[in-house]
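Because only heavy atoms are used, hydrogens play no part in the values below, and waters and symmetry mates are left out as well, while side chains stay in. Remember, it's 1-based here, ligands and their atoms both numbered in the order they're listed. Numbers for residues simply follow the sequence, beginning at 1. None of these values were measured; they are calculated from a predicted model.
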Amino acid sequence: MNPRRALITGITGQDGSYLTEFLLGKGYEVHGLIRRSSSFNTSRINHVYRDPHEASAGLFLHYADMTDPICLSNLIQHVKPTEVYNLAAQSHVRVSFDQPIYTGDVVALGAIRLLEAIRDFQDRWGYQVRYYQASSSEQFGKVVETPQTEKTPFYPRSPYGVAKVYAHWITINYRESYNLHASCGILFNHESPRRGETFLTRKISRAVGRIKHGLQKSVFLGNLESKRDWGFAGDYVRAMWLMLQQEKPDDYVVATGQTHSVREFCEKAFAHVGLDYRDFIQIDPRYFRPAEVDLLLGDSTKARTALGWQPKVDFQHLVTMMVDADLELAQREKTLIEAGHAVSTPKEQA
Ligand code: NAP
Ligand code: F7E
């Protein structure tokens with residue numbers, strides 16, 4: 001049995017896929033929780049998946065759900081992980097206003113279900129499990145100071161943000177009550193070519209690729225004035241791992257320390273292919289939120305000094321990386337369309 005066994009919830013998501021690659025590269029046996037879906041939901045990790053019967057297999061997938069405490073407990077007992085990364089979430093802020101109770105169930109109660117399963121496992125068998133909680137800059141919401149640090153009070157502005165505050169504090173409570181090695185990474189927005197297509201940056205890079213290839217005429221967006229501290233997901237999963245390698249658990253802000261508006265992202269993304277964003281963006285009130293987070297800017301001094309972490313990809317590099325990847329994707333779509341194949345694109349983009 002590999003002494004380094006990680007269990008990742010949310011393994012099929014953006015961060016789960018980068019973390020899986022990272023941990024496999026470090027020699028971990030990686031176990032992932034996947035939920036049943038009527039269509040395939042493993043596209044982000046298919047490239048690293050091997051048949052479990054192969055000797056070299058290092059990745060194992062298990063059906064479970066954050067809303068089901070029994071299967072979470074069974075999974076912990078079965079896998080006996082040395083590290084657990086809790087990345088599963090209904091992670092879309094706008095959607096959390098439409099599904100507030102479900103979001104709370106998965107994000108807030110899901111975290112305590114998992115922590116309880118770990119606590120029980122440790123108590124019974126004496127194993128030590130290290131736990132990572134995916135906290136979020138959305139917890140700062142209507143910010144009370146700028147830049148935001150580990151000491152900045154929370155003021156969440158959405159059901160998602162509120163649920164993440166619960167998950168954050170229950171993680172700290174379990175650390176203090178049960179001596180659990182549990183850390184929270186308060187990660188600011190991080191993106192990549194694997195970002196879900198309904199999040200702002202990917203919605204824009206997808207649109208740029210498709211518009212450039214003549215597959216789409218415009219893109220509908222909401223608030224262009226909000227500002228975010230955007231980094232690259234591949235850099236941020238390294239920080240998650242570093243947190244669990246420390247002797248003592250703690251909480252860390254992970255951010256680039258630079259903030260840019262949605263408008264700036266649009267401007268740079270369209271400019272990369274020689275287009276003016278103002279010719280292609282239309283405003284649709286459906287994409288505004290009942291309460292907005294206007295400005296996020298993180299101070300990650302603690303992570304940089306204590307963990308030795310720093311981001312490698314800056315804002316301009318992130319924009320061009322995403323647009324370039326989506327130009328290629330649109331080219332492939334165009335080829336399929338020209339060959340007479342049906343290509344489906346989402347109609348509701350949140
Ligand atoms: P993501 O791409 O939306 O992935 C979410 C993952 O959670 C997916 O694997 C999804 O499975 C899974 N999931 C959703 N509901 C579930 C349930 N009921 N049971 C089991 N799994 C469930 O999110 P991400 O961007 O990778 O973010 C990873 C984590 O970091 C999330 O907790 C997010 O809230 C948090 N976070 C993200 C950012 C960011 O900027 N990306 C910043 C701070 C914090 P399916 O594939 O089946 O949908
Ligand atoms: O929105 C504005 C929107 O949905 C960014 C999640 O990963 O990061 C993410 O949450 C900004 C907001 O990300 C559209 O109003 C304008 O101001 O890409 P987003 P988010 O809400 O910041 C945090 C850290 C998380 O933890 C979350 O899980 O862009 N915006 N027009 C739009 N946003 C979207 N999605 N779609 C639009 O059409």
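Using a 4.0 Å heavy-atom cutoff, Y102 is listed among the residues neighbouring ligand 1. Taking 4.0 Å as the cut-off, S17 does not count as a neighbour of ligand 1 on heavy-atom distance. At least one heavy atom of K164 sits closer than 4.0 Å to an atom of ligand 1. V106 counts as a contact of ligand 1, since one of its heavy atoms falls under 4.0 Å from the ligand. Judged by the shortest distance from any of its heavy atoms, Y236 lies outside the 4.0 Å radius around the atoms of ligand 1.
Ion pair K80/E29 not flagged as a salt bridge, since none of the NZ, NE, NH1 or NH2 atoms sits closer than 4.0 Å to an Asp/Glu carboxylate oxygen. Contact check on R119 versus E116 returns a salt bridge, with a Lys/Arg side-chain nitrogen under 4.0 Å from an Asp/Glu carboxylate oxygen. Using a 4.0 Å cut-off between charged side-chain N and carboxylate O, R202 and D326 make a salt bridge.
Among residue pairs with one or both ends in residues 308-317, none qualify as side chain to side chain donor-acceptor pair (under 3.5 Å); sequence neighbours excluded. Within the structure, salt bridge (Lys or Arg N to Asp or Glu O under 4.0 Å) pairs that include any residue of residues 292-302 comprise R228-E292, D250-K302 (at least two apart or interchain).
In terms of modelled atom types and a separation under 3.5 Å, the side chain of H272 and the main chain of V319 share no donor-acceptor contact. D229 places a side-chain N or O within donor-acceptor distance of the main-chain N or O of G257, the cut-off being under 3.5 Å. Using modelled atom types, no side-chain atom of R210 and backbone atom of Q216 make a donor-acceptor pair closer than 3.5 Å. Between the side chain of E328 and the main chain of A325, no donor-acceptor pair closer than 3.5 Å is present.
Scanning all protein heavy atoms for the shortest distance to atom 27 (O) of ligand 1 gives D15 OD2, 3.7 Å. In terms of protein heavy-atom proximity, atom 33 (C) of ligand 1 is nearest to Y160 OH, 3.5 Å. Among protein heavy atoms, the minimum distance from atom 9 (O) of ligand 1 is reached at T12 OG1, 2.6 Å. In terms of protein heavy-atom proximity, atom 31 (C) of ligand 1 is nearest to L87 O, 3.0 Å.
Ring orientation note: the planes of F315 and F265 are nearly perpendicular, at an angle over 60° on the 30°/60° scale. Ring geometry, H31 versus H62: the interplanar angle falls under 30°, so the pair is classed parallel (tilted spans 30 to 60°).
The closest non-hydrogen atom to atom 19 (N) of ligand 1, taken over M66, Q133, M240, comes from M66. Of the candidates S91, S39, G32, the one placing a heavy atom closest to atom 23 (O) of ligand 1 is S91. Proximity annotation for atom 12 (C) of ligand 2: of H190, E191, R228, R228 comes nearest, heavy atoms only. Around atom 38 (O) of ligand 2, the closest heavy atom drawn from R94, E225, K203, K164 belongs to K203. By heavy-atom distance, the residue among A89, S135, G161, S226 lying nearest atom 17 (O) of ligand 2 is S226. Among N189, D229, D284, the residue whose heavy atom lies nearest to atom 22 (O) of ligand 2 is N189. Taking only non-hydrogen atoms, the option from V95, N223, L200, L296 nearest to atom 18 (O) of ligand 2 is L200.
Taking a cut-off of under 4.0 Å to the non-hydrogen atoms of G13, the atoms of ligand 1 that pass are 2 (O), 4 (O), 8 (C), 9 (O), 26 (O). Close contacts between ligand 1 and S135 involve ligand atoms 43 (C), 44 (C) [criterion: under 4.0 Å to a heavy atom]. Those atoms of ligand 1 that come under 4.0 Å of a heavy atom in N189, given as number and element, are 40 (O). Within the listing of ligand 2, atoms 14 (C), 16 (C), 31 (N), 38 (O) sit less than 4.0 angstrom from a heavy atom of G222. Close approach of ligand 2 to S136 is summarised as follows: ligand atoms under 4.0 Å from at least one heavy atom of the residue are 23 (C), 24 (C), 25 (C), 26 (O). Set against the non-hydrogen atoms of L187, the atoms of ligand 1 under 4.0 Å away are 42 (C), 43 (C). Of all the atoms in ligand 2, the ones that sit under 4.0 Å from a non-hydrogen atom of S137 are 24 (C). Against a heavy-atom cut-off of under 4.0 Å, A89 is close to the following atoms of ligand 1: 5 (C), 7 (O), 13 (N), 14 (C), 15 (N), 31 (C), 32 (O), 34 (O). In the vicinity of V93, heavy-atom distances shorter than 4.0 Å reach the ligand 2 atoms 10 (O), 21 (O). Near S91, with a cut-off below 4.0 Å to any heavy atom, the atoms of ligand 2 are 6 (C), 27 (C), 28 (O). Proximity to A88 (heavy-atom distance under 4.0 Å) selects the following atoms of ligand 1: 7 (O), 21 (N), 22 (C), 32 (O). Ligand 2 places these atoms under 4.0 Å from at least one heavy atom of H92: 35 (N).
When heavy-atom distances to ligand 1 are checked against a 4.0 Å cut-off, A233 has no atom that comes that close, whether in backbone or side chain. Proximity of R195 to ligand 1, defined as any heavy-atom pair under 4.0 Å, is confined to the side chain (atoms from C-beta onward). Of all the heavy atoms of L33, the ones lying under 4.0 Å from any atom of ligand 1 belong exclusively to the side chain. If you look at Y160 next to ligand 2, the close heavy atoms, those under 4.0 Å, all belong to the side chain. At a heavy-atom cutoff of 4.0 Å, ligand 2 is contacted by no atom of R202, backbone or side chain. The part of E292 lying near ligand 2 is the side chain, judged by heavy-atom distances below 4.0 Å.
Under a cutoff of 6.0 Å and an axis angle of 45°, R194 and Y18 form a cation-pi pair.
Hydrophobic clustering of Ile, Leu, Val, Met, Phe, Trp and Tyr side chains at less than 4.5 Å, counting indirect connections, unites I170 with I118. One hydrophobic cluster, built from ILVMFWY side chains closer than 4.5 Å, cannot hold both L296 and F288; they sit in different ones. Linking Ile, Leu, Val, Met, Phe, Trp and Tyr residues whenever their side-chain heavy atoms come within less than 4.5 Å leaves F188 and L87 in two separate clusters. Side-chain heavy atoms closer than 4.5 Å link hydrophobic residues (I, L, V, M, F, W, Y) into clusters, and following such links, even through other members, never connects L275 to L329.
Considering CZ of F280 and CZ of F220, their distance stands at 13.5 Å, rounded to 0.5 Å. Between the NE2 atom in H181 and the CD atom in E247 there is a gap of 8.0 Å [rounded to 0.5 Å].
Taking only nitrogen or oxygen atoms, main chain and side chain alike, S136 does not reach within less than 3.5 Å of ligand 1. Of the polar atoms of Q90, none of the N or O atoms is found under 3.5 Å from an N or O of ligand 1, judged by distance alone. On a distance-only criterion, T67 and ligand 1 share no N/O pair closer than 3.5 Å. Considering backbone and side-chain N/O atoms, R35 comes within less than 3.5 Å of an N/O atom of ligand 1.
V254 and A239 make their closest contact through CG2-CB, 3.9 Å (heavy atoms, listed as atom of the first residue, atom of the second, distance).
Q122 and Y178 are not linked by any side-chain donor-acceptor pair at a separation below 3.5 angstrom, with hydrogens and angles left out of the test.
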